[in-house]
Every structure is written in structure tokens, then in C-alpha cells.
Amino acid sequence: MRVIILVILLLSAEASRLWAQESIIFVDSTKSSKLDFVHEDGAEDQGYLVSLMGSGLALFDYDHDGLIDAYFLNGRDLPPGASPSATRNGLFRNCGANSFVDASRGSRSDVSAYSLGAAVADFDNDGFKDIAISNLGSVTFLRNNGDGTFSDWTTQVGLGNAGVVFGAGVAFLDIENDGDLDLYVADYVEFSFERFAQLAPSSFPYPPGPDHFQHRSDHLWRNNGDGTFSEHSQIAGISEYKAPSMGVVCGDFDGDRDTDIFVCCDARPNLLFINDGKGVFSQDAELNGVAYSSHGIPVGSMGAEAGDIDNDGAEDLFITDYSAQMPILFRSLGRDGFEDISAISRAGRDVVPHANWGAGLVDFDNDGDRDLMIGNGHLLKWANDIEQLTEFKVRNCLLANNGAGIFRNVTDDAGSGMQIVESSRGLGFDDMDNDGDVDCLVLNSDARANYLENRSEPSNNWVQIRLSGTSFNRDGVGARVTVESGDLVQVAEMRSGRGYQSHYGSRLHFGLGRRAQVERVIVDWGGTKTEYFDVAINAVHLLQQENR
């Protein structure tokens with residue numbers, strides 16, 4: 001009996017040690033920051049499929065002033081052409097001191113389309129980040145002019161007739177490591193308002209969903225290196241797979257130092273395109289264990305995030321899902337694929353009643369492990385009439401990591417920012433005020449966006465890494481960064497496009513806990529490694545690829 005009691009006490013002490021972490025606090029600073037973006041779904045009470053999906057956002061420094069700016073995607077009146085639409089996408093310039101100003105019109109980035117997804121990258125390696133946007137029925141490409149303005153280069157880059165019907169997740173990636181970035185755009189379904197009108201009377205209380213429309217194949221365009229793209233979907237092996245695609249995240253998921261593509265699919269098996277290193281892909285989601293949940297069934301996958309939850313050197317996958325389904329945490333097994341650890345990790349079990357969208361695996365308290373924030377909200381404004389355990393508007397959820405990849409719900413104690421009740425879609429995470437912790441911006445469906453300022457106790461150290469490629473692409477997209485600080489070794493990959501049809505994280509953020517120095521940073525530029533020593537803590541570093 002004494003042995004059993006002793007074991008219990010030791011386990012209890014170990015659990016207490018693991019949970020002994022800084023408090024995570026988010027303050028709702030929307031009003032004081034003058035962030036004044038309102039998303040319009042354009043549907044009124046029609047419940048069009050496109051209006052239910054909502055939009056993403058992109059966080060990036062568009063004017064090179066050292067502050068992360070915010071670009072929000074917007075809807076417009078539906079059906080298109082029924083009446084002139086005043087709604088436009090919104091670019092908000094970060095002025096510092098937690099203050100934003102609307103720069104949409106002056107920057108010429110105020111696109112008027114039904115925009116759904118976006119990713120950001122320097123596609124022409126000129127030093128300024130450009131924006132690719134997926135819309136209902138089109139793609140928009142905004143080239144950064146380097147003077148605080150953008151030009152619509154959709155036609156110039158070869159995307160004027162992109163063939164996208166219902167745009168979703170967007171990602172830039174270098175499919176063959178040739179030094180420039182290619183473009184992937186997910187396509188949901190063959191939606192039409194005519195078919196919607198035919199089906200709507202018989203589909204009550206739910207409006208016509210994705211299975212009422214033909215599924216689409218996604219699109220991959222290869223960067224020609226001369227400021228244009230060429231269709232590459234068929235050559236790459238992408239076009240033969242038709243599915244209701246949503247969120248997209250790219251990375252080296254099989255450890256062979258080229259970039260693969262993971263695609264969330266709505267109530268259909270997810271897709272994992274494995275790169276052969278030459279820009280040709282095989283669809284191996286089933287083989288790698290990420291097509292279905294652990295029960296062997298497809299779920300309503302919405303958004304996808306990648307990050308190493310247990311600091312074992314391999315990035316894991318987190319996927320948000322529809323109401324009454326548990327979000328999935330796939331733990332990486334390296335070259336052996338992934339395993340579903342949703343239940344034992346407790347990641348997302350508290351949001352099962354709700355539909356989930358954006359998500360971020362981010363070290364919010366700088367203690368050296370990645371926490372998890374999940375955006376929630378139902379598709380239907382009348383949700384509670386047909387699903388009593390949820391609402392159209394609910395709180396988002398914050399989960400703290402114990403360092404071993406086990407999560408605990410801390411939403412109730414995480415400040416005013418986590419008490420907001422809306423129907424969230426895209427979430428973006430970056431250090432917006434340059435104070436060394438990661439903040440959050442939220443795009444809410446048919447409502448005002450929110451700025452959640454991280455006010456966690458600043459007692460832990462951190463380091464942030466930016467990359468600049470030379471023979472590699474300028475933004476370092478696809479590069480893998482390892483940070484060594486005493487007993488703590490962390491990895492992260494630079495990516496463009498993630499979460500729910502959003503973009504964020506062009507500065508890689510690493511919490512260090514109480515560790516007082518970083519001994520070494522290793523950057524793997526697609527197989528060529530560079531080491532950096534004695535990197536100062538509590539600072540942002542630009543690491544440039546060495547010329548060879």
C-alpha cells in the first residue's frame with residue numbers, strides 16, 4: 001500500500017511540475033487599437049454555402065517598417081451582380097503602440113470580390129511581399145510595388161483565367177527547390193446559385209452543402225522565374241484528385257527535405273501530396289495516417305496547422321472540424337507517418353460541440369512549448385434551433401501545453417480577449433507590438449474583427465527569427481530552423497499559408513522559459529545547413545543564407 005501511495009504522490013508531483021507554467025492572458029484591445037474592420041457575408045438570411053464558409057486573413061509587414069500589418073478578406077453582396085457592393089478587403093497598417101490605421105484605399109489593396117483565402121510571399125524575390133487571394137470564381141494577385149502600394153497583376157502573372165470556382169486555402173511553396181515560389185490554391189466545390197435555388201426548398205433545416213455540388217480538383221502553378229506562373233496541376237499529379245478542399249498547410253512532412261502539401265477536405269478523406277523533390281506528387285494521406293480520424297472515418301476538416309507539440313524534432317498536424325466532431329491532433333512519427341492522439345492529448349475535446357475553423361500552435365507564454373488556440377462558431381445563424389449544444393456565436397478556446405504535448409483548457413482565466421462571443425473564421429498569430437510575445441487577430445463572420453493583445457507575464461525569454469534566402473527563395477519558405485538553448489531544442493519550418501485559409505508567422509517565434517542564452521541556431525535551406533552561434537535572446541534576428 002505504501003508503494004502505491006508513493007507512486008501516486010510522485011506522479012502527482014510530476015503532473016504539478018509540468019503544469020507549473022506562466023498564466024496566458026489576452027486582452028481585447030480591438031477598440032483602443034482602432035482596428036475597424038467589419039466582415040460582410042453578403043447573404044442576409046439565405047445561407048448560401050459560400051457565405052457560411054467565411055474568410056481568412058493575412059499578417060505580414062507590407063511596408064518594411066518592422067511592424068506586422070493585417071490584411072482582412074471580405075465577402076460581398078450575393079448573388080454577385082445583384083447590386084453594387086461596397087464591401088472590400090481591408091489592409092490595416094500597424095502604427096506601433098497597439099494602434100492601426102486603415103490603409104486599404106491608399107495602398108490599392110482594397111479588392112472587391114468574395115475573397116476566401118490568402119497567402120503572402122515575395123514571389124519575384126524583389127524584397128517585398130506579394131498577396132495571392134482565392135475568391136468565389138477567381139484568383140487575385142497583388143504585387144507589392146515597394147512604395148506602400150500594390151498593383152493588380154492577376155493577368156500579368158498568368159492567373160487571369162485561373163479556373164477557380166470556389167477558392168479556399170492558399171499557399172506559396174517551392175516545389176522543386178529552384179529558388180522561386182510556386183502557388184497552390186484549393187478549390188472547394190462546383191457551386192452555383194442556380195443549383196442552390198433548386199435544392200434549397202428540400203434541404204431544410206440545413207441549406208445545400210458540399211455534397212450537393214460536384215467536387216473540384218485543386219490548382220498548382222509553377223513559377224517560371226520571369227514574373228509569371230504556368231499551370232502545373234496535371235504534371236504534378238494534383239488534378240486527378242477531386243475533393244471539397246478547405247485549409248492548406250505545406251511542409252516537409254516525411255523528412256526528405258522537400259515540401260509536401262496537406263489539404264483539409266470537408267467530410268471526405270484529407271489529402272497529403274508527397275513531393276518527389278522534382279515537383280511531382282503522390283497522394284499518400286491514407287498511407288501516412290492523416291486521411292481519416294482514428295475511427296477510420298472522414299470528418300469535416302476545416303483548418304490545418306503544423307507545429308512540434310512535444311519538442312521531439314518533428315512537426316505535428318492539428319486539424320479543426322465540424323460540430324459534434326473532435327478536432328484531430330496527428331502526432332508525427334517521422335518517416336512512418338502520423339498517429340491520431342486527439343484523445344490522449346486532450347487537444348480540442350472541449351470544443352467538440354462547436355464548429356471549429358482557424359487554429360494556432362503557438363508558445364503564448366514563452367515557456368518553451370506550443371500552446372493551442374482554436375476559433376469556434378457555427379455556419380448557421382439558427383444553429384441552436386437544430387443543434388442544442390452549440391450556437392452561431394460562441395467563445396474561442398485556449399489550451400495550455402504541459403510541455404509533453406498534453407493540453408489543458410485555460411479559456412476561463414485567460415483574460416477579456418478569450419471571453420468574446422462571435423462566430424470566428426480566420427485566426428492569425430504574430431507579435432504585433434514587438435514586445436516579445438505573440439498576439440492574435442480574429443476575423444469573425446459577418447461581424448467586427450478582434451485584436452487580442454497578449455499580456456502574459458513577461459518573465460520568460462524568447463527569440464524570433466526572420467530568414468533571407470539567396471539561392472533559396474527570398475522569404476526562406478520551406479527552410480527548417482532549429483534553436484538550441486541548453487536542454488531545450490526546438491524546430492519550426494517557415495511557411496506561407498496555414499490555419500483556416502490564412503497567413504501568419506513570417507517571424508518564427510521560440511519561447512525559451514528561464515534559459516538565459518541560445519547556443520546555436522541551425523537553418524536548413526533545403527538540404528544545405530548554416531549554423532549561427534551566440535544568438536542574443538529577447539531580440540528579432542534576420543538570418544541570411546550564405547552565398548556558396
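The analysis underlying the following values was restricted to heavy atoms, covering all of them including side chains, and did not include hydrogens, waters or symmetry mates. By convention here, the first residue in the shown sequence is residue 1.
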> Looking only at non-hydrogen atoms, find the nearest pair between D316 and S332 and report the distance.
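That closest heavy-atom pairing would be OD1-N, 2.7 Å.
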> What residues form a salt bridge (Lys or Arg N to Asp or Glu O under 4.0 Å) with D312, not counting sequence neighbours?
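Partners of D312 under the salt bridge (Lys or Arg N to Asp or Glu O under 4.0 Å) test: R331.
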> Who passes side-chain contact (heavy atoms from CB on, under 4.5 Å) against A285, sequence neighbours left out?
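L272, Q283, V290, A291.
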> For the atom pair CG (N270) and CE (M246), what is the distance rounded to the nearest 0.5 Å?
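The CG atom of N270 sits 11.5 Å away from the CE atom of M246.
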> Starting from the C-alpha separation in whole Å, work towards a yes-or-no answer on side-chain contact (heavy atoms from CB on, under 4.5 Å) for N135 and V164.
CA-CA 8 Å; N135 308 309; V164 171; over 6 Å; no
> Test D182 against H232 for side-chain contact (heavy atoms from CB on, under 4.5 Å), laying out the working first.
CA-CA 9 Å; D182 313 294; H232 193 69; over 6 Å; no
> Mind jotting down which residue pairs meet the salt bridge (charged side-chain N to carboxylate O under 4.0 Å, His left out) criterion with at least one end in residues 292-307? Sequence neighbours excluded, please.
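The answer is E305-R498.
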> Would you confirm whether S502, through its side chain, and G499, through its main-chain N or O, come within 3.5 Å as a donor-acceptor pair?
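No: the side chain of S502 does not pair with the backbone of G499.
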> Would you please test F429 and C440 for side-chain contact (heavy atoms from CB on, under 4.5 Å) and show each step?
CA-CA 5 Å; F429 305 91; C440 176; 3.5 Å; yes
> With side chains defined as the heavy atoms from C-beta onward, is the minimum distance between L427 and M373 less than 4.5 Å?
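L427 reaches M373 side chain to side chain.
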> Short question: side chain of E493, backbone of V481 - any donor-acceptor pair under 3.5 Å?
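No; zero donor-acceptor contacts below 3.5 Å.
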> Taking only residues two or more places apart in sequence, or in another chain, which ones meet R195 in a side-chain contact (heavy atoms from CB on, under 4.5 Å)?
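R195 satisfies side-chain contact (heavy atoms from CB on, under 4.5 Å) with S192, L199, F213 only.
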> Donor-acceptor pair, distance only, cut-off 3.5 Å: does the side chain of D363 make one with the backbone of G368?
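Here the side-chain-to-backbone pair exists.
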> Are R425 and D41 ion-paired here, with the side-chain N under 4.0 Å from a carboxylate O?
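D41 and R425: not salt-bridged.
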> With sequence neighbours excluded, what pairs up with N473 under the side-chain hydrogen bond (donor to acceptor under 3.5 Å, both in side chains) test?
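With sequence neighbours excluded, N473 shows a side-chain hydrogen bond (donor to acceptor under 3.5 Å, both in side chains) to no residue whatsoever.
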> Identify the heavy atoms of S233 and L220 that sit nearest to each other, and give their distance.
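Where S233 meets L220 most closely, the heavy atoms are OG-N, 2.8 Å.
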> Per the salt bridge (charged side-chain N to carboxylate O under 4.0 Å, His left out) rule, what does the pair list look like for residues 239-253, sequence neighbours excluded?
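For residues 239-253: D252-R257.
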> Within a strict 4.5 Å, meaning less than it, do heavy atoms of the V248 and Y184 side chains meet?
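Counting from C-beta outward, V248 and Y184 do come under 4.5 Å.
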> So Q464 and D431, side-chain hydrogen bond (donor to acceptor under 3.5 Å, both in side chains) or not? Walk me through it.
CA-CA 9 Å; Q464 293 178 9; D431 184 359; 3.0 Å; yes
> Of all the heavy-atom pairs spanning H39 and S55, show the shortest one and how long it is.
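Answer, listing the atom of H39 first, then S55: NE2-OG, 3.3 Å.
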> Kindly compute the distance separating CZ (F273) from CZ (F253), expressed to the nearest 0.5 Å.
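Between F273 CZ and F253 CZ, I get 13.0 Å after rounding to 0.5 Å.
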> N311 vs V491, test: side-chain contact (heavy atoms from CB on, under 4.5 Å). Steps then yes/no.
CA-CA 7 Å; N311 289 334; V491 300; over 6 Å; no
> Which residue in the set I24, V410, L372, I406 passes side chain to side chain contact (heavy atoms under 4.5 Å, CB included) when paired with L399?
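Exactly one candidate clears the test, L372.
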> How would you list, by chain and number, every residue that makes a side-chain hydrogen bond (donor to acceptor under 3.5 Å, both in side chains) with T259, sequence neighbours excluded?
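T259 satisfies side-chain hydrogen bond (donor to acceptor under 3.5 Å, both in side chains) with no other residue.
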> Can you measure from CG (L57) to CG (L443) and round to the nearest 0.5 angstrom?
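Going from CG on L57 over to CG on L443, the span is 6.0 Å.
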> Do any N or O atoms from the side chain of D254 and from the backbone of R335 form a donor-acceptor pair under 3.5 angstrom?
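It does not hold such a pair.
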> Could I get the full list of salt bridge (Lys or Arg N to Asp or Glu O under 4.0 Å) partners for K393, not counting sequence neighbours?
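Once residues adjacent in sequence are excluded, the partners of K393 under the salt bridge (Lys or Arg N to Asp or Glu O under 4.0 Å) criterion are E422.
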> Identify whether the distance between the nearest side-chain nitrogen and carboxylate oxygen of D258 and K278 falls below 4.0 Å.
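Salt bridge: no.
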> Could you pull out all residues at least two apart from S134 that satisfy side-chain contact (heavy atoms from CB on, under 4.5 Å)?
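If we apply the side-chain contact (heavy atoms from CB on, under 4.5 Å) test to S134, skipping adjacent residues, the hits are L116, V170, V185.
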> Look up atom CD in Q501 and atom OH in Y188, then write down how far apart they are to the nearest 0.5 Å.
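Reported value, rounded in 0.5 Å steps: 9.5 Å.
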> For E315 and F338, work out which heavy atoms get closest and say how close.
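In terms of heavy atoms, the two residues are closest at O-CE2, 3.8 Å.
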> Treating S423 as the side-chain partner and F392 as the backbone partner, does any N or O pair qualify as donor plus acceptor under 3.5 Å?
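Yes; judged by distance alone, with no hydrogens or angles, the pair exists.
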> Which of these, L329, L398, D350, sits in a side chain to side chain contact (heavy atoms under 4.5 Å, CB included) with F407?
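It is L329; the other options fail the test.
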> Under 30°, 30 to 60°, or over 60°: which ring-plane class applies to F26 and F364, parallel, tilted or perpendicular?
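The rings of F26 and F364 stand perpendicular, inter-plane angle above 60°.
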> Just by distance, with hydrogens left out, do S239 and Q234 show a side-chain donor and acceptor under 3.5 Å apart?
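Per modelled atom types, S239 and Q234 side chains form no pair under 3.5 Å.
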> For S245 and D218, test the side chains for any donor-to-acceptor distance below 3.5 angstrom and give the result as yes or no.
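A donor-acceptor contact under 3.5 Å links the two side chains.
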> Strictly by modelled atom types, are S416 and D28 linked by a side-chain donor-acceptor pair under 3.5 Å?
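No pair is found: no donor N or O on one side chain lies under 3.5 Å from an acceptor on the other.
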> Run the ring-ring contact (aromatic ring centres under 6.0 Å, His included) test against Y322 and tell me which residues pass, sequence neighbours left out.
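So Y322 forms a ring-ring contact (aromatic ring centres under 6.0 Å, His included) with H378.
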> Answer yes when K381 and D446 have at least one side-chain N-carboxylate O distance shorter than 4.0 Å, and no when they do not.
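Counted as a salt bridge, because a side-chain N and a carboxylate O are separated by less than 4.0 Å.
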> Is a donor on one side and an acceptor on the other found under 3.5 Å between the side chain of D475 and the backbone of V477?
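No: the side chain of D475 does not pair with the backbone of V477.
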> Looking at N275, is its backbone amide N or carbonyl O close enough to the side chain of D260 to form a donor-acceptor pair, meaning the two atoms are under 3.5 Å apart?
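Yes; judged by distance alone, with no hydrogens or angles, the pair exists.
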> Can the ring centres of Y48 and F196 be said to be less than 6.0 Å apart?
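Here the rings of F196 and Y48 have centres that are less than 6.0 Å from each other.
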> Any side-chain donor paired with an acceptor under 3.5 Å for D365 and S456?
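No - no donor-acceptor pair under 3.5 Å links their side chains.
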> Classify the ring geometry between F472 and W525 as parallel (under 30°), tilted (30 to 60°) or perpendicular (over 60°).
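F472 and W525: perpendicular rings.
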> Check the surroundings of atom CD in Q214: do more than 12 heavy atoms from other residues, nucleotides or ligands lie under 6.0 Å from it?
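Result for CD/Q214: open.
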> Got a sec, which residues hit side-chain contact (heavy atoms from CB on, under 4.5 Å) with V394, two or more places apart in sequence or on another chain?
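Only H354, N376, T390, E391 meet the side-chain contact (heavy atoms from CB on, under 4.5 Å) criterion with V394.
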> If every non-hydrogen atom of H509 is compared with every non-hydrogen atom of D437, which pair is closest and at what distance?
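Looks like CE1-CA, 4.2 Å.
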> One thing to verify: whether R216 and D187 come together as a salt bridge, which I'm taking to mean a side-chain N less than 4.0 angstrom from a carboxylate O.
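Salt bridge between D187 and R216, a charged N being under 4.0 Å from a carboxylate O: yes.
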> Between OG of S23 and CZ of R455, what distance do you get to the nearest 0.5 Å?
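The distance works out to 15.0 Å.
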> What pairs with R515 under side-chain hydrogen bond (donor to acceptor under 3.5 Å, both in side chains), at least two apart in sequence or on another chain?
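Here the qualifying residues are D487.
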> Looking only at non-hydrogen atoms, find the nearest pair between N401 and D371 and report the distance.
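N401 and D371 have their closest heavy atoms at N-OD1, 2.9 Å.
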> Measuring from W462:CH2 to N366:CG, what's the distance to the nearest 0.5 Å?
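Interatomic distance, W462 CH2 to N366 CG, rounded to 0.5 Å: 8.5 Å.
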